[in-house]
Structure formats: structure tokens, C-alpha cells
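Chain A is the first sequence line, chain B the second, and so forth, proteins listed ahead of strands; every chain is numbered from 1. Keep in mind that what you see is a predicted model, and the values were worked out from it rather than measured. Computed from heavy atoms alone, side chains included, the values below leave out hydrogens, waters and symmetry copies.
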Amino acid sequence: EKLLSTVEPTPQRVGPHEFTWLDVRGLRDVTWLGNLGKQFNLHPLILEDILNTHQRSKVEDYGDVLFCVVRLFAWDATSQSLESDQISLVLGRNFVLSFQERSTGVFEPVRERLRAPGTPLRNKPIDHLAHALIDSIVDRYFLVVEGLDTAAAPVEDAVLTHPTPAILRTINGLRHEVQTIRRAITPLREVLMTLNRGESRFFGDEVRPYLRDVLDHTMHVQEDLDSVRDVLSGALEIYLSSVSNRLNLEVRVLAVLTTLFLPATLIAGVFGMNFQDMPWRDVHDGFWLAISLMAVTATVLAAIFWRRKWLKTDDPN
Amino acid sequence: EKLLSTVEPTPQRVGPHEFTWLDVRGLRDVTWLGNLGKQFNLHPLILEDILNTHQRSKVEDYGDVLFCVVRLFAWDATSQSLESDQISLVLGRNFVLSFQERSTGVFEPVRERLRAPGTPLRNKPIDHLAHALIDSIVDRYFLVVEGLDTAAAPVEDAVLTHPTPAILRTINGLRHEVQTIRRAITPLREVLMTLNRGESRFFGDEVRPYLRDVLDHTMHVQEDLDSVRDVLSGALEIYLSSVSNRLNLEVRVLAVLTTLFLPATLIAGVFGMNFQDMPWRDVHDGFWLAISLMAVTATVLAAIFWRRKWLKTDDPN
Amino acid sequence: EKLLSTVEPTPQRVGPHEFTWLDVRGLRDVTWLGNLGKQFNLHPLILEDILNTHQRSKVEDYGDVLFCVVRLFAWDATSQSLESDQISLVLGRNFVLSFQERSTGVFEPVRERLRAPGTPLRNKPIDHLAHALIDSIVDRYFLVVEGLDTAAAPVEDAVLTHPTPAILRTINGLRHEVQTIRRAITPLREVLMTLNRGESRFFGDEVRPYLRDVLDHTMHVQEDLDSVRDVLSGALEIYLSSVSNRLNLEVRVLAVLTTLFLPATLIAGVFGMNFQDMPWRDVHDGFWLAISLMAVTATVLAAIFWRRKWLKTDDPN
Amino acid sequence: EKLLSTVEPTPQRVGPHEFTWLDVRGLRDVTWLGNLGKQFNLHPLILEDILNTHQRSKVEDYGDVLFCVVRLFAWDATSQSLESDQISLVLGRNFVLSFQERSTGVFEPVRERLRAPGTPLRNKPIDHLAHALIDSIVDRYFLVVEGLDTAAAPVEDAVLTHPTPAILRTINGLRHEVQTIRRAITPLREVLMTLNRGESRFFGDEVRPYLRDVLDHTMHVQEDLDSVRDVLSGALEIYLSSVSNRLNLEVRVLAVLTTLFLPATLIAGVFGMNFQDMPWRDVHDGFWLAISLMAVTATVLAAIFWRRKWLKTDDPN
Amino acid sequence: EKLLSTVEPTPQRVGPHEFTWLDVRGLRDVTWLGNLGKQFNLHPLILEDILNTHQRSKVEDYGDVLFCVVRLFAWDATSQSLESDQISLVLGRNFVLSFQERSTGVFEPVRERLRAPGTPLRNKPIDHLAHALIDSIVDRYFLVVEGLDTAAAPVEDAVLTHPTPAILRTINGLRHEVQTIRRAITPLREVLMTLNRGESRFFGDEVRPYLRDVLDHTMHVQEDLDSVRDVLSGALEIYLSSVSNRLNLEVRVLAVLTTLFLPATLIAGVFGMNFQDMPWRDVHDGFWLAISLMAVTATVLAAIFWRRKWLKTDDPN
């Protein structure tokens, strides 16, 4: 067996009775890739698909080789954004080629297991290696879901304590990421089901149960995604509800203000009536007595509303 | 084996030990169809069902032939509408007849696989071809769901940024399309279950696991549909919520306006009181002093509400 | 084999090595039924259960015969109502008795298959016939769900365009029908599970997989019912939401009216102040100038609100 | 075989090659129970568990006997309340002891089947009897769910026609009952899974499929419970929504009242203005003319609102 | 076999043909742990993982030993908080080492079963013991879910009777705990699936079905968690709804107050009109008559609203 990791693509000779894993990272050197394709006798369509890095997950049987495209996701916690890479796998009789746009480190655990002396992976047929590669890709999905889950947790709190439009944008962004991964899982599952079936001559009976496990993992990813989506939906509901509540609190304050002016306006109206015989009319401080009466009623009312906390707009309770 | 694709229906001779796939597109030439029916010895009820293109998916056993009607869907992204075609399949001992109302291109992948030299499909029994045809129909369901999913994504954003009645109509339209496909899947699943059972003599034991896969695919279609429906339901909920919020914002503005007039009206009332001894009464600019007092109070209140952003109706935050 | 369909119950002799299917429709002639019971040696409890037509689905083992009661549903699209009938089946060693309250036509497809020459059903053991009868009952459930689904579709539209109390009643009615069928499926499933088990000596190993299919069908019925229920719940939510929105629109109109009167009332108050020196006081048309000022401010405000469409109550957008 | 049913506990001799079922109802005579325990050589912990009647379902393996505690529920339709009993089962090599706090009648169907001559239950090993007892306990769960379903149905209607706090209390009560049973099912399922496993030496291979059926039943109970819970959640949502709607209707009435006074107040203000030259001032009935004008405008407005049904608080439509 | 329970870590000799279970509680004595690691020939990474007590559940195959990290949860009903411990298991050919940060008592049931004379666990291979330890950890999850369920029950009531911000905090806290456990279950399930697979040489075919049972238990934990989450979501919805209702009730009170002042203000305005000929103008008690009229109308209105209970803010019904 031979192991080669290249940031810059490098050719590699294939020995008899051995298998070669060539992990190509960086796809800019197209002529080099063309030579590699000739060396391994790859169909031109395969090279085209490798270079076109915006495809959905799929598997294609080219007779002598099996060609897989699998979408890889990574959650960047700093920028709170989802990154997506395309991993292309060419599974041949005695070689596995993996192509990455840039160095994602997704195959590091496999490489470490291969490097360890006496590891079972070195002495087993090539389909075990192929399974290990696919498994490490699916494992990344769990990390992404965990990242989304971790990003969703503070949103849930913030929505109750101080709901701001920024949180609404965060919720909406996370919902989009969840939906993006959800969309990517169905074709991935199709790929795994195709590989799992007896159709392809590549995977032996010994590896197939492990492939089925990987298929099960995609189910768990989906369940966990649904759980994150539920959390986000709940947060959105609380957000909308608390925005509505704050508005109602503000309208209540305005209604309280209106109520405070009501008795004063009535008193002014009362003393504006044109009766011949009215109290205080000719008293020297009649005007100020009326003003005092207005002030007293308004103050009493304000005190009542203050005690009932009907003048606060920040706490709905 | 013989392969024939016809936009206009064409007859085809059937050789021994070979199988024929006749793909009839366009059903207007009824006499030609009648002749075809006689040639292949089809029951008149089959021809009737082929011509009646508004049926649900179903399968019927006519002893010598198996007759399937399957509904095909296509999502037209330009007109944002769902198109529906009826595909009729007649599965005989050594022939498969497929009937399409118009050229849908659904069988193109199968035709290409048949044309490729050395393809396994050419050398296998006819039930493999029948499976390939049915599989390519079900694959179209995935495309439709993907189309609906892509159409639903911008709605989710628009509903938060500027909710308009047009978006409500779009949401409702998409919900209808989702429900239409959901309704079509149950009979399709019944068809696949019937074919899958040991009952029909047409499908061999080798093909049956693949048929079961197709059945599994319908489950995935249903799950993905449910996911799209959830997205749309969520968007509708946000829409209704934001319409309600905007209304409340407008009512808040009206309440603010009312509040702005309160002190001015009170001041007018105060100076309208009929006391003998009133301040400013006999001052030359008493009237204008009162007016200024009104303007000042209103301006101060307006400034307070302005800073609190209670006069905006476009942003609920 | 002998086939007998009777609107009025008719006795039937049982020959050796043959099986008899007696389809009794109408249960009013109790003495005739008693004679039939004696002829087939039925337990009195069976006859009692046949005549008591308001039971849940159940199965009972009487040793020599198996007695099933199954609930049949039909959706009357004209009256938009659910009809329910009780079908009783007595499965004996060489006879099947079916009892219907009134002619439901549920067994017509079975009868047609039996009449067709060379049909497999005629030459197979009696348990195949029993399965066909039960299958045709369960098939009716799909028709009912389809009927409910079709009835629910227009409701979804109407609720958005013009929500009326009549639609609320329709939604509630359909929700009840859905719940009624959902309640009937659990005992039906229990019946099918009991028949499916090895316990009963009636159904052979050949028929059992088909019975399991029928059991699967009940699952699909349940899924489709849940889908209809979701549609109705969504419609109800939109209804309640749009009623609330319309109320808010009306309150907004009232708030606008209040706002229109505010400046006019203030102007009246201003010119009601008791200052010695007031503008327009002694002008001849002072009164009318004030009235004009009121009219102008109210008109300007009304125009502003009109342009913002705050005076409409029919469209929340 | 020997059958003994006792309202008051009675001892029973155990013969060789026979099995004994002792159904103890009423647990007050502790000394008698102690003697029974000695006779059957029961571990003191078993007797303690039998007397402590507030336990969750559980199963314990005492080597020579298997000890089950199962929770039994009954729905009392009259008092609309849930009753709960503890059934303890001791399964020995040739005896089954069942203990009930009070006579629940849950084992009546088993007793009747045993009494019937030639019943298979009498001639089969003791594990068949144990299965029958457990099955009849689980069957009671269906009755309870049915009772809750029946109690939930009228709530759904009432919530739309006249929502009262009493209905809110009913909904909340039923939700609690549903949750109580849901909580009891998980340990019950654990008991059945433990019995179903190969671990216990008590149940033979012949009975195990039946036990698995009972396990399936608990799944159905859970599904039905979820359905009832959905109905109740929907009813609660409608209740809260209609309470909110009624409040809004009342606020609308108050806003209409405010609007009715607006023009009258404006007219009063207008004729309170201090212009030298005012219409009607010196007319004899000027005052009454103004009053009439107020009355007319208020009446016209009231008529408009009346026709629009904005003065009704009972119907949101 | 040898059994050793140590609060303070203690070394233990390993005899031939026997297995040793060393339960280390407390991880502060690092040098002692280093010696233990040397004695059992543990990889330094294992010791590092044991001491780093904030890891997710995982399993690692070190060739000669299998190393598991499992998260243990406990619900403290007094402080209403979730406690989390890390249990590390080292499964060797003839020894099992378990490491706990502090004494959690999770293995007490296993220890008791080992102490009982003639227990099957003593005479079976070591993988039975390992299963028993893992099983008792998973059993704790049920206790935690039960604790959360019990804590959620009173919240559901309180939210209807007197919704306070404290309840909102409780709901939110419990929702977090539920989500925390939900997050911990996916890696735990991965661990159990890995152990369940044929890959690891540690668990024999006899134990594997029991491991699968444990895997099933995690499913039940998840279902029960979802049920608790539903209860909490429902409670939150009711809370938000009742806060909104209370606000609306308060706004209604304010609107009623406004309405009470309307007729009085109108009367004051009416008697403030400047007509020459006005009723009561020159009557001695004219002023007081007007005041009485105001008082009467306000009182009548207040009585009407009182009877309609529109002045209450505590009961939305």
C-alpha cells in the first residue's frame, strides 16, 4: 500500500497487488489533472465533473471505475457561516482517487489510522478504505449539525431577554443553513443506497453492513437537523410574539396617557360652562384652584397606573 | 432487442427471443393506436384508459399483459406551475409499450443507457427495462420536489423583508402544488407495492429488490415534500404575524397622534374657563402665548416619541 | 362454487367440495335471518351482533366459524357528509356469509372478478375470497379520505379570499369526519392483526402476506388522514388569523376617524378661549374662517390616510 | 387446572402437573397475605411491593418466580376522571398469582374463556394464561383512550360555539389525563420488552409472538393518545384565539362609542367659540338646533356602524 | 471474580481465569491513576481522556482494550437543575475499569446483583458485566426524563392560573435541560451502535441482543424527551397567549374609562356653547344640575360595563 497526501497535485505510480490512495487537494492545475486522468484511464466526463465543483451528491458507474461526488459541509463558528466543498471519489480496482477543491482535512482521521502500525485498514481490501473515506465525510455532517445547534442555543435565550432585529436575521440565517443541509442529505442518501445495493461490483459483502451504518448515520443527522429546526421555529415564534407584546405595551402606555388627560379636560370643560351662578367664578384664586384640581386627579391616576406598572414598556409581566 | 422512439406513433414488428420497447408519444392518431392495439392483442379497456389521460396511478392485471398508469409531474420554473402527464405502460411477455400524451423526455436516460454499447440493460430480461422506465418516472418526482423547494426558498426571505399579498398568493399556490403531488404519491405507492408483491408474474426475483428501492424513493419524496410544506407553513405564519404587526404599528402611530393633541386641547380648555381672575387674559399677546404653550408641549411630546421610534410603521423593531 | 347476491335475503344449499358466498343485503326480515342462522349453525350471539349495526370493528373466534364486524364508510360529496355502514362477515370452513344493512355496492368488484371466466379467485381456497372481501372494504377507506381531501381543498382557498362563519362550520365538520374515521381505524387494524396472526385456523399461509398488505393499507389511510387534518388545521389557523386581522383593520378605521376630529376639536377649543385680544374675533366671517380651517385640516389628514389605504377594511395588505 | 376467584383472599393447594391461578382482590388482610407468601415461598420484597400500590410498572426476576407490577387505568365517564389501580402478578413454575387493590373486573374476560368448555387456554401451558392476563390489562388502555377521545369530542365543538372558562378547565384536565397515561406507557413497554426477551425462563417460544403483539398494542395506544392530544391542543388554540377575538370585539365597540361622541363634541366646541358674529347665536332655538345637529350626526353614525355590525360582541364574523 | 468499590482509588491484582472490575471514584490522585494505567498497560491518551471530564460520549478501539466515554445525567429535584458526570470505561480481556469523577451511585444495582449469591452475572463472561454497567447508565437517562416530566407538570397548570415571569424562566430553563440531554443522546447512540457492530472483538454474540435492547432504550428516552418538550412548548404558547390577553384586558379597561368620560365632556361642552337662549343658564342650581347629569350618565355607563365585567383585568373570561 502507498499513501500520498498532496496539497499540490502529484502523480503516483501504481504497483501490482497493492492499492494506491491519491488525495488530490487543489484543482487549478488542469493539465496535471489531465495527465493524471490519462494515467488512470479516466473518462473525460469524470474529469469534467471533478472540475465543476457545484454539483449535488451523485454516484455514476463507469464500468471499470465507480465515480462519486459528495458534498462536504463545514460550519465556521467565527463567521457563523456554512462552507461547502465538493469531494470527488474515483473508486477503481486497485486505486482510490479523492479530489478536494481545497485542503479540508476531512480525511485526516483516515490518514492517521493508515499511518498507525498494525492497523486493520492497511491489510484489508480497498473497499474498506473507500468506506472509511465516505464515513469520515458523513461524520462531518454531525459536526455541522452540532455547530448549528450551538449557534441556535444563545438565540433561544436572547429572544426572551432582548429581542432585536439582529436576532431575527440570525434565526433566519440559521434556518437557511439547516434547510441547505437538509436538501443535501437526500442525494447523499441516494448515493449511499446505490453503493449499498448489490448492483455495484466495488463493495464486498464484508463492507456492506458498515455502509448501511453510514446510511443510518444520515438518518440521525436528519433527526438532529429537525431538532435544531424545531428550536429555531420556537425561537421565531417567541420573537414574533414578544414584538407583538412590546407593541401592545406601548399602546397601553399611550392609552394610559390619554386616560390621564381625561379628568383634567373634563374639569376645564366644566368651568367653561356658561352658567350665571358658578362656584369659584369670582373667587380670586378660582383659576388656580381648578388647575390644582386637575393636577391632583392626574397625579392620583398616574400613581395608580404606576403602581400597576402600566407605564412600563420593557417587561410584559 | 429493438428500440424505437416515435413522436408520431409507428408500428413495429416483434421478433422471436427479442424484446421490443415502443415509446409512443402523442395520442391523437386514434386509428393508428387501434391498429397497434390489435397487433399486440390489447384489451379495448386498455386503449380506452390510455386515451383517457386524467386518471390516478393504477395497475391492472390482464393475464397476458400488465397495464400500468402512472402520473408524471414536471415543475416549470419559468411559469412557476406544475405540469402533469399520464404515462401508460403495457408490460407483455416480450414487449413493453409506453404511451405519453406529449414528448416529456422522461425516458431519455433509459434510451441513452440502451444505446451505450455493452450496457447491462440490453442483455437482461425485459423486466429490467420495465424497472428502468418506472424508476426514471419516480426520479422525476425528486426534480419536482427540488423545484418546489427552490421556489419556496425566496418566499421565506421575502416574507420577512417586505410581506405583500403577492407573496401570500405564491405561498398558497405552492402549498397547493405540494398537496397535489402528495395526493398522487399514495396511488403510485400502491402501484409499486402491487408490482412488488409475488402476485404478478411479470417481475422476476432479480428485479424485485430494485423495485423495492423505487418504493423507498417514494418515501423520500414524501419526506422532502413534508419538509417543503413545513417551510411554506412557517412562511405563512410569519406573513400573518407580520401583517398583524404592521397593523399594530399603524394603530400605535394613530395613538401617538391622539396623544400629541391631548395637552393642546387641555390648554385650550383651561383658557376657555370662565373665571373672573385669569392669567394672561388681558395681556396683549395672551392668545399667542397660549398657542405657543400648545406648540411647545406638542413638539416636546413628538420629539420624545420620535426618539423612541414610535412614529415609524415600516420596522416592527 | 356458487355465487348469490340478494337484496332480499335468500337461503342457499351448501354442496361438498364447494364454497358458498352469500351476500345478504337488508336485515329487516329477522325470521328469515333466524332460519339462515339455523341452517349454517350460527351461534345466537352472532345473529344478535349482525342485527346490532352500531358496533366497532371486531373479530371473534367461535371455533367452527370466525365472525368479523367491520365498519364501512362512504363520503357523500353532494351532502358533504359521512355515511357509515356495518358489514358483518361469517367465515366458515366452506362458506362465507356477508351481511349489509343496505346495498352499499362494496363487494361489486369482487363479484365482477368472480364472474370473469378463468379468474384465479374461483379456483382458489375460500380464504382468498375472504381476503378479497376485506380488501374491498379497506379500499373504500381510501375513497373516503380522497373525498375528504377534495372537500378540504376549496376550504383552503376560501379561507384566504373571503373568510365567513360558514367556512368555519365546514372546517369543523370536516375535522369531525376525519377524527371519526381515525377512531374507526384502530379497531379495524386490531381485526386485521388478529386475522394475520397464526392463531386463527381460517387464513392459510398463502393468503397471509396479502392480509399484511391490507394492514399496510390502513397505515396509508392513516397517513393520508393526517395530511388532510394538517390541511384543515392550517385553514383554521388562517381563518382565526384573518378574523383577527379584519377586526384590527376596523379598529384602525375607528382610530383614523378619531384622529380626523382631533385638530378640528382643538381649533374649536382655541377659539373658545377667553382672551381679550383674539384674532378674527371681531372679523365678520371669523366663525366661517375657523370652520374652514377645521375642514381643511380634516381633509388634508383624510387624504393622507386615504393614500396610505388606512381607511380600507377589506384587504389587510 | 384450578381456577379461584376471591374477593376475600383465600389459600389454595397446588397439585402436581396442574397450574393454579389465584386472583386476590383486596389487600387489607396483611396476615393472610403473609401466610400466602409463605405457602408459595415468596420473597418478602415481593409482598412489600404488592402492598405498596403506588409504583410504576416494572418486572423483577426472583429466579424461581417472575414478579410484575402493572399499572391499570379506567376512565370514569360520569365523573370525567381517571382511576388508577396497581395489578401485581407473580408468575411461578406452576402457578400465577394476581393481586388487585380492589375488584376491577379486568380479568373477567379471561375467567369466562377459562370457564368455557374445550377452551384452548385450559389445555395449554401456564405462560398462555399469563399472556392472557397481561393482554387483558393492555386492552383496558384502549378503553381509557377511547373514553378520553369521547370526552374530548364535545370540547372541540363547545370551544367554537361558546368558549367559557369551564371548557378551559376541562381541556386542561383532559390534557393531564392524557399525559398521565403517556407517562405510564413507557415503563409498561419496558416490562413487555423484558418479558419478550429470551432472558426470562418463564415465557415459551410459542407465547412470545403473542407478547410481541401486546407490545405492538402499546404502540397503538400511544398513537391514539397523540391523536387525542392533538385534538385537545387544537381546541386550546381555538379557545385562546376566540377569547382574544372577543376582547377585540369589545374594544371595537368601545372605539365605536368614542367615535359616536366625536362629532357632537366638535359641534359643542364650535358653538362655544367666542366670535362676535356667530350663526344661530341669537336665534331663539339656537341651542336646540345645535343639540339636534349633534343627535342627527350621532344617529347617522350609529346607523352606519349598526349596519356594519360593529356594535355586536358575540359573533366575530 | 473479584469485586472492588473504592471511593479512594486502590490498586488491585488480576488473577488468571478471573475478571476484575475496578470502580474508581474521584480522579484527583493523578499519580495513583498513572500507576494504575501502567499496571493495566493503558495508553497515555486513555488516561488523558479519563481526566478531561467534559467530553461527549465516544468509543475508541485501542486494540487490546476498548475505551468508552459515556455522559451520565442526574436531575436534582431540589435545585431543579441538571447534573452531568463523565463515566469512563476501559474494557479489557479480563478486566473492566470504570472511572467516575465523584460517587454517583450509578453502578449500585450492578454491585448488588454481583453480591447476591448464585447470580448469573458472576458466572458469565466479562462482556455481560460490561453490558450491565452500560445498561445502568442508560437507565439513569429515564430517571432524568422522568424528573424533567415531573418538573414540567406544575408549570402547565401555573401558566393557566397565574402566569408570572418566574414561570417563563422555569419553562425556558427546562427547555434547555431537555435540549441538553437530546444533544447527548446522539453520540451515546453512536457509541452503542459501534459496540453493537461485529467490529469490536469485545462483545460476544450472546450479549449483543441485550446491547441492541439498550440501543432501543435510547430511542424511548428520545420519544419521552419529545413528549416533555411538547408539554413545555404548549405551556410557553399558553403563557405568551395569556400575557397578550392580560394586556388586552388592561387596554379594554382604559378604553372603558375613556368611554365613561365621553358623555360628561360632551355635556360640559354643550353648556359651554355661547347661545343667548340656553336652558338652566339663569337657574340658581344650573351648574349643579349639569354636574348631576354628568354624574348620572357616567354612573349608568359604569354600571353597564360593570355588569358586563369589562372592568376586570384578572380573568379573560
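- Note: A:M273 leads A:Q276, A:R308, A:M273 in heavy-atom pairs under 4.5 Å with chain E.
- Using a 4.5 Å cut-off on side-chain heavy atoms (C-beta onward), E:L236 and A:I238 make contact.
- For the set E:E190, E:R229, E:R175, E:Q222, the entry with the most heavy-atom pairs within less than 4.5 Å of chain A is E:E190.
- Comparing A:A153, A:A255, A:G234, A:P279 by how many heavy-atom pairs each has under 4.5 Å with chain E, the most go to A:P279.
- For A:S241, the part sitting under 4.5 Å from any heavy atom of chain E is the side chain, from C-beta outward, and nothing else.
- Within the 4.5 Å cutoff, no side-chain heavy atoms of A:F275 are placed close to those of E:D282.
- For the pair A:E146 and E:R56, the salt-bridge criterion is met [side-chain N within less than 4.0 Å of a carboxylate O].
- To the nearest 0.5 Å, the span separating NE2 on A:H217 from OG1 on E:T186 amounts to 11.0 Å.
- Only the side chain of A:V231 comes within less than 4.5 Å of a heavy atom in chain E; its backbone stays farther off.
- E:T265 approaches A:L266 most closely through the heavy-atom pair N-CD1, 3.5 Å.
- Separating the OG1 atom in A:T259 from the CG atom in E:L254 is a distance of 4.5 Å, to the nearest 0.5 Å.
- Contacts of E:R281 with chain A are made by both backbone and side-chain atoms, with heavy-atom separations under 4.5 Å.
- For residues 284-297 of chain E, heavy-atom neighbours of chain A at less than 4.5 Å comprise E:H284, E:G286, E:F287, E:W288, E:A290, E:I291, E:M294, sorted by residue number.
- Interface remark: of the candidates A:V145, A:D213, A:V270, A:V256, A:D213 forms the most heavy-atom pairs closer than 4.5 Å to chain E.
- The most heavy-atom pairs under 4.5 Å with chain A, out of E:Q179, E:H176, E:E237, E:R189, come from E:R189.
- Scanning all heavy atoms of the two residues, the minimum distance from A:G269 to E:A268 falls at C-CB, 3.5 Å.
- Between chain E and the options A:T258, A:V251, A:D230, heavy-atom pairs under 4.5 Å are most frequent for A:D230.
- Only the side chain of A:D224 has a heavy atom closer than 4.5 Å to any heavy atom of chain E.
- Nearest heavy atoms, A:N248 versus E:S244: ND2-OG, 4.4 Å.
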